[in-house]
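Both counts, for ligands and for their atoms, begin at 1 and track the order of listing.
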Amino acid sequence: MYTLNLDIAQFLKEHWQQKPVVIKGAFPDFEDPISADELAGLACEEEITSRIVVTQKDNWEVIQGPFEDYDSYGETHWQLLVQAVNHWYPDSQPLVEAFRFLPDWRFDDLMVSFATPSGGVGPHVDNYDVFIIQGEGERRWTVGANTPQQRRGGNPNSPLVEDFEPIIDVVLEKGDVLYIPPGYPHCGETLTLALSYSIGYRAPSQQELASEVADYLLDNNLGQQRFTSATEPANPGVISQDHQLGIMSLLSQLAQDPTSYQVVLGKLLSQNRFELDICEGEEAYNAEDLQDAFEQGAGVNRIGGLKVLRLENDTQSRLFINGEIYELPNTPEAVLTQLSDLVSFDSDSAMALCEHAEVQALLLQLINQGLYYLSDDEA
Ligand code: SIN
Ligand code: CO
C-alpha cells in the first residue's frame, strides 16, 4: 500500500491545476512496484505503447517500441518510457490508488520510465497534469514559468521547447514527488540509474467534446431541429447578430439538456486512450459458475485501467464503463457507488452484490466481456 504524505485539502486549494510543487518524502519508505527488468519486458509487447529516447548532445532521438533488446543503447544517455503500465501490471495499481483523491475520469495512465545517467526526454510542455514520483535512483528536475515557450530551434513541429529559466530546480530522490500542471515547461536529467512514475491526468478538449456530441446525435438520430426566426436583416448579405445567436443557441440547448449531455459525458469520460488488457476466457460463465466461484472464495476484480463511472444526479440509474452504458434501473445508488468506487471485491462482498439480480447479471456480462476477472484470493 502507498500512502501519500500530503495535506490533500491544501494541495487541492493551492496547487492542483495552478502551480507546480515539490513534495519531498511524499512516500516515506517508497518501494518500486516494478523492476527495470520487468519494465523492459513489458516494452517488448506489441500491445503496449513504449518508446526510447536517446540523448545526443543537444538532440533527442525517439525510437518507438516494441523492443527486442536493449544492448545497443549502452550504459548512459537513454531512457525507456512505457505508457499505461497500470493496464498490464496489476501490482502497480496500489500506487495509482494513492492518487484517487482525484476523480477517475481525469486519470489518464501510469507511465513508468527507466533512465540511464544523462538520459532524459528534453525540455517540453505537457497539456496534462502530472505527478512524477521518483523510485530508485536520482533525477534532477527543472520547471519553468507558465509563459509561452519557443519551440526548439524555431521548428513549430518540435515536441521540445527552448531552454527556460527555472522556477524549480531540484534533485528528486526515492519517494519524492513533483507535481506539474499543464503549460509549465519542465526537463528531467538523470543523475544515477533511475525508475520514475508519472501519474497523468487529462480533461477533454472542445474538439473531443464536439466529436462525441456529433456521434451521439447521429447514433440516436437526434438533433434534427433547425433554426427559425421572427425577424430578418435589412441587408441581404448580412448574417445578423440575432441569427448568429439563434443558430448557436441550437448548440447550447443540447449542452443544457442533461438527458443529452450526461450520455455524451459518461461515454466520453469512461473511455481509455490506451489499450486495455481484456481478459476474455475461452468459455462463457453462467450465473451458477459465478456463484460457485464466490462460494469457493474467489473475488472479482476490474482489469487495470478500466473506468467505471457514475454521474451525480444522473437522469437514469446506470453505469458508464469503457465508453458504454450499462442500465441498472433497480439497483440502489449505494451499490452503484460501490461498483464505481471499488476496483476489487472479495468473495463476501461479491456475494452481497449478487443478491441484486441486476448486478449479478452485470458482473457476469463484464466477466464474459473480459472487463472483470475472477481472482483466486481467498477472502
Ligand atoms: C520523464 O519521466 O522523463 C517524462 C515525464 C514527463 O516529463 O512528463
Ligand atoms: Co512532461
Query - Single hit among Leu172, Leu6, Asp7 for side chain to side chain contact (heavy atoms under 4.5 Å, CB included) with Ile23 - result: Leu6
Under 3.5 Å, sequence neighbours excluded: what are the donor-acceptor pairs made by side chains of residues 278-287?
| unit_1 | atom_1 | unit_2 | atom_2 | d |
| --- | --- | --- | --- | --- |
| Asn286 | OD1 | Glu288 | N | 3.0 |
| Asn286 | OD1 | Asp289 | N | 2.9 |

**Report entry** Between Thr315 and Gln262: side-chain donor-acceptor atoms closer than 3.5 Å
**Finding:** yes
Report summary line: If we number the atoms of ligand 1 from 1 as shown, the ones under 4.0 Å from a heavy atom of Arg139 are 1 (C), 2 (O), 3 (O)
Requested in this report: Name the orientation class of the two ring planes belonging to Phe131 and Tyr179 (parallel below 30°, tilted from 30 to 60°, perpendicular beyond 60°).
Outcome: tilted
Requested in this report: May I ask you to decide if Leu110's main-chain N or O and Asn86's side chain share a donor-acceptor pair within less than 3.5 Å?
Outcome: yes
**Report entry** ligand 1-proximal atoms of Trp141, by part, heavy-atom distance under 4.0 Å
**Finding:** side chain
Report summary line: A student checking ligand 1 against His186 at a 4.0 Å heavy-atom cut-off should list atoms 6 (C), 7 (O), 8 (O)
Query raised in the report: Considering only heavy atoms of Asp126, which atoms of ligand 1 have at least one such atom less than 4.0 Å away?
Result: 8 (O)
Report task. For Ser198, counting its heavy atoms only, list the atoms of ligand 1 lying under 4.0 Å from any of them. Result -> 5 (C)
Query raised in the report: With Glu208, which residues qualify under salt bridge (charged side-chain N to carboxylate O under 4.0 Å, His left out), at least two apart?
Result: Arg202
Query raised in the report: Closer than 2.8 Å to the Co ion (ligand 2), how many protein N/O/S atoms do you count?
Result: 3
Query raised in the report: Would you say Glu38's side chain and Ala36's backbone share a donor-acceptor pair under 3.5 angstrom?
Result: no
Query - Residues that Asp176 engages under salt bridge (charged side-chain N to carboxylate O under 4.0 Å, His left out), provided they are two or more places apart - result: Lys24
Report task. Record the part of Ile180 in heavy-atom contact with ligand 1 below 4.0 Å; permitted values are side chain, backbone, both and neither. Result -> neither
Query raised in the report: Against heavy atoms of Gln79, which atoms of ligand 1 measure under 4.0 Å?
Result: 1 (C), 2 (O), 3 (O)
Report task. Specify whether Trp16 and Phe11 have parallel, tilted or perpendicular ring planes, treating 30° as the upper limit for parallel and 60° as the lower limit for perpendicular. Result -> tilted
